[in-house]
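Remarks on the structure that follows.
To find a chain, count down the sequence lines: A is the first, B the second, and so on, and within it residues start at 1.
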Amino acid sequence: MTKINAPKGFVDILPADSGRWQAVEGVARQVSRLYHFSEIRTPILECTELFHRGVGETSDIVHKETFTFTDRGDESMTMRPEGTAGVVRAAIENNLLAQEGARLKVYYIGPNFRYERPQKGRLRQHHQFGAEAFGIAEPQQDVECILLQLDFYRRCGLKDLSLRLNSLGDGESKARYRRMLQEFFRPMASKLSEDSQRRLEENTLRILDSKDPRDVEARRGVPSAYEALSPRSRSHFDRVQQLLSEQKVDFAVDGMLVRGFDYYTDTLWEVTAAGLGSQNAVGGGGRYDNLVEQLGGRPTPGVGFGSGIERLLLALEAQKSVPAEASAPLFYLISHGPAAADANFVLMQELRHAGLVADMDLSGRSVKAQFKIADREQAAFCLIRGDSELAEKTILLKSLATGEQRPVPVDRIISELQAMR
RNA sequence: GUGGCCGUAGCUCAGUUGGCAGAGCACAAGGUUGUGGUCCUUGGGGUCGCGGGUUCGAGCCCCGUCGGUCACCCCA
């Protein structure tokens, strides 16, 4: 039989790693609760139309990176490439934003799918912790989302991160800036990279964050987005910065920061971290005041972020602070002979019912082998029984840390163990 | 979609001008007839990614292919 592998860019999260995932997810849930965001779980599969209307036809993510297929009913379906569009769809569909003045603060943890070539920090299935806040257009809401995201990193122990901020303004400001850029770049179009020459008409803003040296050179003296901002967008962005400063948050305004979704308006931000390789963004977000209306809801402002779990774990690993969930001590039962093994199998279940983590060998291995397993599994204590203990109605309690052992009457063993837990 | 690098034991890797496929770790048994970690002995493990070609002979050379990885594009 030929071996079957996971699809390219899809990876297993193995027992050796799942503790780290649980730790990080635990922090996400805890910090979300503190900021009074509630969990929402939306489907992984959505109608393709949602992402075309939401994320945008011209964005690369929808244009060439979606897992899209036709289902048995001839409907075009797409594995979600990001979290926001589905959340907005769900909020509209379930009338969570139907009332005037409706507010909604939600978070999610789950997988996203993008058909790309894998590299360090990039997979075809990756996981994000994200949060979205609807109904508040004030800059305070942008800042609350940023603070939530940074607090998440802080509680995970992530150091060495930097927050970059930009504003492309509302729809009119964005269109104005786009025209300014086209006028700026057109006279020197031939000096741009091939990609950027194409972008000039289709996706002008993207020229700003190109890494190609020719583009870096060409955009010297390029007008900043701030110049194109409407007075309202300008004061919104100023206020966001002011509020962040009041919170003593370090940030840098980066006029070259552009993000991949078409729906962003006004504020957008990105957090980068050390140790991630070339793909160094650990999370990013922004405001999307037109998205709810675009997807058929009542006009409702929104702002939120998404943060990559894999990249966070990579960054934590690089800085050598590996999160781990505190684990309860393991009690490993050791049997000499089949009669003791039978008795221990019964006792093991009593330990578990008493809330103690217990395990034992079920394959009749030698006592020595059982001890080796207990050691490998990092058991805290061994409970040892043979014929003589059975006769005396005792069991030996041995600490694997100190090597000390003493007999304990079987009918008192559970209360003894609970006392030292 | 494009480019660089890498595929040999469960893991990390050696393998000389083409000449009997190896080491360390891990795993198993024993040293100790009822006691782990350290130590010693022994043992099981291989389609050298796959398919062709050159050759008396290929892990090694050539062609193709698949997979992995890093980078570009783009993004978490």
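- Here the separation of B:A28 from B:C60, taken at their C1' atoms, is 34 Å to the nearest Å.
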Run the side-chain donor-acceptor check on residues 156-164 of chain A: report pairs under 3.5 Å with partners two or more places apart or on a different chain.
unit_1   : atom_1 : unit_2   : atom_2 : d
A:Ser162 : OG     : A:Thr272 : OG1    : 2.9
A:Arg164 : NH1    : A:Asp254 : OD2    : 2.5
A:Arg164 : NH2    : A:Glu270 : OE2    : 2.8

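- Figure legend. B:G18 is base-paired to no nucleotide; pairs are counted as Watson-Crick or G-U wobble with both atom distances under 3.5 Å.
- The gap from the P atom of B:A26 to that of B:C11 amounts to 15 Å, rounded to the nearest Å.
- The nearest whole Å value for the distance from the CD atom in A:Gln279 to the C1' atom in B:U69 is 14 Å.
- B:G45 and B:C25 are spaced 15 Å apart, taking the C1' atom of each and rounding to whole Å.
- At a threshold of 4.0 angstrom between heavy atoms, the contacts of A:Leu123 include nucleobase atoms, whether or not backbone atoms are also involved.
- A:Gly277 comes within contact range of the sugar-phosphate backbone alone, with a heavy-atom separation under 4.0 Å but no base atom that close.
- Nucleic acid contact class of A:Ser388 (heavy atoms, under 4.0 Å, all strands): base.
- Among the protein residues, A:Ile309 comes within range of no part of the nucleic acid, since none of its heavy atoms lies under 4.0 Å from any strand.
- Residue-level contact check: A:Arg124 touches neither bases nor backbone, having no heavy atom under 4.0 Å from any strand.
- A:Arg117 comes within 4.0 angstrom of a base, heavy atoms only.
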Evaluate the criterion side-chain contact (heavy atoms from CB on, under 4.5 Å) for residue pair A:Leu34 and A:Asp151; output intermediate values, then yes/no. CA-CA 10 Å; A:Leu34 292 173; A:Asp151 217 348; 5.8 Å; no
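- B:A76 and B:G36: their C1' atoms are spaced 44 Å apart (whole Å).
- Taking only side-chain nitrogens and oxygens, A:Lys120 never comes nearer than 4.0 Å to OP1 or OP2 of B:A71.
- With RNA chain B read from its 5' end, the first of the two nearest nucleotides for A:Gly403 and A:Ile373 is the one closest to A:Ile373.
- Nucleic acid contact for A:Gly337: none, since no nucleic acid atom lies under 4.0 Å from a heavy atom of the residue.
- In the interface, the side chain of A:Asp375 is not paired with the base of B:G37 through any donor and acceptor atom under 3.5 Å apart.
- Under 3.5 Å, the side chain of A:Gln370 and the base of B:U35 form no donor-acceptor pair of N or O atoms.
- Heavy atoms of A:Gln149 sit nowhere under 4.0 angstrom from any nucleic acid atom.
- Note on A:Lys398: a base of the nucleic acid sits closer than 4.0 angstrom, heavy atoms only.
- At a threshold of 4.0 angstrom between heavy atoms, the contacts of A:Leu312 with the nucleic acid are absent.
- Taking atom P in both B:U8 and B:G68, the straight-line distance is 14 Å, to the nearest Å.
- Among the protein residues, A:Ala374 comes within range of no part of the nucleic acid, since none of its heavy atoms lies under 4.0 Å from any strand.
- For A:Phe129 and A:Phe305, the ring centers are positioned less than 6.0 Å apart.
- When heavy atoms are screened at a 4.0 angstrom cut-off, A:Phe113 is found touching no nucleic acid atom at all.
- In this structure, A:Glu65 reaches the sugar-phosphate backbone alone: every heavy-atom distance under 4.0 Å involves primed, P, OP1 or OP2 atoms, never a base.
- For the residue pair A:Thr394 and A:Glu389, no side-chain donor N or O sits within less than 3.5 Å of a side-chain acceptor on the partner.
- At the heavy-atom level, A:Arg114 lies under 4.0 Å from base atoms of the strands shown.
- Nearest-nucleotide assignment on RNA chain B puts the 5′-proximal partner with A:Val367, out of A:Arg311 and A:Val367.
- Between A:Tyr226 and A:Phe237, the ring planes lie tilted relative to each other; the angle falls in the 30° to 60° range.
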